[in-house]
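What follows is one structure encoded as structure tokens, with my remarks underneath.
Below, chain A is the first sequence line, B the second, and so on; all start at residue 1. All values derive from a computational prediction rather than experimental measurement.
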2 protein chains.
Amino acid sequence: MVVWPGAAHPDPMLFTKAFTSQALAAKLESLVDLSTEERSSLGALPIRQVDVPAGELICRAGDQLSSCFIVLEGFVSLSKETAAGTRQITAFALPGDMPDLLGLHLKVANHDLAAITPCRLASVEHSDLRSLCRTFPAIAEALWTSTLVAGSVFEEWVVNVGSRKATSRLAHLFCEMMTRLEALGLARNDVCDLPLTQVHLAEATGLSRIHVNRSLQELRKQELITYTNGRLTIHDRTGLAQMGQFDPDYLHVPRPGWRT
Amino acid sequence: MVVWPGAAHPDPMLFTKAFTSQALAAKLESLVDLSTEERSSLGALPIRQVDVPAGELICRAGDQLSSCFIVLEGFVSLSKETAAGTRQITAFALPGDMPDLLGLHLKVANHDLAAITPCRLASVEHSDLRSLCRTFPAIAEALWTSTLVAGSVFEEWVVNVGSRKATSRLAHLFCEMMTRLEALGLARNDVCDLPLTQVHLAEATGLSRIHVNRSLQELRKQELITYTNGRLTIHDRTGLAQMGQFDPDYLHVPRPGWRT
DNA sequence: CGGTTCTTTGAGAGATATCAACCAAGGTGG
DNA sequence: CCACCTTGGTTGATATCTCTCAAAGAACCG
């Protein structure tokens, strides 16, 4: 496993714990109810804080894993290399997500993880997480559920790249990201920071960089969105959802706020 | 929930139990070790056997679920409808698979299930499964792991439809199905029954029916496979794996038997 | 035998990829 | 402060892949 230059911080553990309860516990509580005891045990998980600069690789497909990450801050991409040397991004992980929770039981990373923005991660030993799960079945259930949701998102992406055309794929992706960021309190009034380059969008939608550029122009021309400098604004929620055939059910967030 | 015409059978419960231990327990034991007690508890799960004729819908995306299925015999497709009225198949479920295990925690089906061939299914109440999981953490872990593998397969499909061209997509799908059927003992000497029409292949790969037909001809011309009457023969394993950029890791089957 | 369903073929249209530049913004070192 | 470099975005022209439409064979089934 890779070891990063841990970021210097006055009291990393304390600092991170605060973030952990915020990011992870919030996420889990959106899935199941937790008792105060469970909540505090979550906060007491021994973790190592890791800061990763933008663009850096976090782990590679095939790596043996003995710990897993919780995203505390920043955007992480999950991707796989193809033989042609291109990358297919298969998901984006946001604060609260555990992008390699798969490894908890499968021991192996099955995708590359990369920091899109500067990221703060918490690293938790598998053994600690397992014993937590054994002590608190509700936590195990919540973690299980969160992996189910992640799987559901992968499945929807199969539909997205497999059956929609360029503008629809982008529209769908934008709807998804807006919905997830809203659920995290990171979007308001149909505006959010979405620090993805057109290359990221291309790799996530299975399109060429150039075609993404032209499709974005089309979305702008139809006055559905503006997207500049990593800031996304949705002008016509219904229109964008229609164009992307977006139905938020698969995200399993509490109150999506989309009426199609 | 839909209710099917239960198939008449002299002693359905007994008969099915035998199948359940075969299909499900075998699957789970490929993921974790089970004690004899756990194995017998699995076999004693109260289940309802359901037979579904070929082509029939088993459940729809959005259905409320209070039980889930184990495929005992046959091929099941997982798919989603798109607004355009087309279908995207997102996975195939084989004997031993639980294609809607997602519903155990999420309560809602997020894809259509359809019987491709005549299928024999076992239906297990969520409540029974939950209490089994509570009693035997190893079973819970095995089930969790199986959902993680299913997610891993979805992710690879994102790569497949998102970044490979027609012939590669088909080659990859054939490699996957051969590997999984081998693991089940349903393939030998690079030959297996794969009862998918070209329309199924098209819906699974995100291609048009006609283009699938022509791409199959290409695969035949390169002497990689023959595929007629629902029977697949791989003539050149290495060549097919190369064409499909297939690496069996993501399937997490014990001994895949592919050297690339 | 006639009606399905599945497969195959041909021709043309449409979407997307590729190649080659150019532009704009931001950071850096002199 | 400016020249330079890098990164990300844009444009035009052309090539390629894949889709659609239309129709004809094949295989299966009652």
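Salt bridge Glu218(A)/Lys165(A): absent, no basic N to carboxylate O contact under 4.0 Å. Glu156(B) has a carboxylate O that lies under 4.0 Å from a charged side-chain N of Lys80(A), or vice versa, which qualifies the two as a salt bridge. Taking the charged nitrogens against the carboxylate oxygens, Arg180(A) and Asp97(A) do have a contact shorter than 4.0 Å, which makes a salt bridge.
In this structure, the CD1 atom of Ile210(A) is 12 Å from the C1' atom of dA13(D), given to the nearest Å. Between the P atom of dT7(D) and the NE2 atom of His200(A) lies a distance of 13 Å, rounded to the nearest Å. The distance between atom NZ of Lys165(A) and atom P of dG14(C), rounded to the nearest whole Å, is 11 Å. Across the protein-nucleic acid pair, Leu216(A) atom CG and dT11(D) atom P stand 12 Å apart, rounded to whole Å. Between the NE2 atom of His211(A) and the C1' atom of dT11(D) there is a distance of 15 Å, rounded to whole Å.
Between Arg220(A) and dT10(D) there is a side-chain N or O to OP1 or OP2 distance below 4.0 Å.
For Gln198(B), whose side chain is taken as the heavy atoms from C-beta onward, the closest listed nucleotide among dT8(C), dA17(C), dT11(D) is dT8(C). The side chain of Leu207(A) lies closest to dA17(C), out of dG10(C), dC6(C), dA17(C). The nucleotide whose nearest atom lies closest to any side-chain atom of Thr197(B) is, among dA17(C), dC19(D), dC6(C), dC6(C). In the set dC28(D), dT7(C), dA20(C), the nucleotide with an atom closest to the side chain of Asn213(B) is dT7(C). In the set dC17(D), dT8(C), dC19(D), dC19(D) carries the atom at the smallest distance from any side-chain atom of Ser208(B).
Taking the six-membered ring for Trp, Tyr227(A) and His200(A) have ring centres at least 6.0 Å apart.
Side-chain N/O atoms of Arg214(A) and base N/O atoms of dG12(D) include a donor-acceptor pair closer than 3.5 Å.
Nearest-nucleotide positions on DNA chain C for Thr167(A) and Arg209(A) put Thr167(A) closer to the 5' end.
Nearest heavy atom pair, residue Gln245(A) against residue Ala83(B), reads OE1-N, 3.2 Å.
Counting any heavy atom pair closer than 4.0 Å across all strands shown, Gly55(B) reaches no nucleic acid atom.
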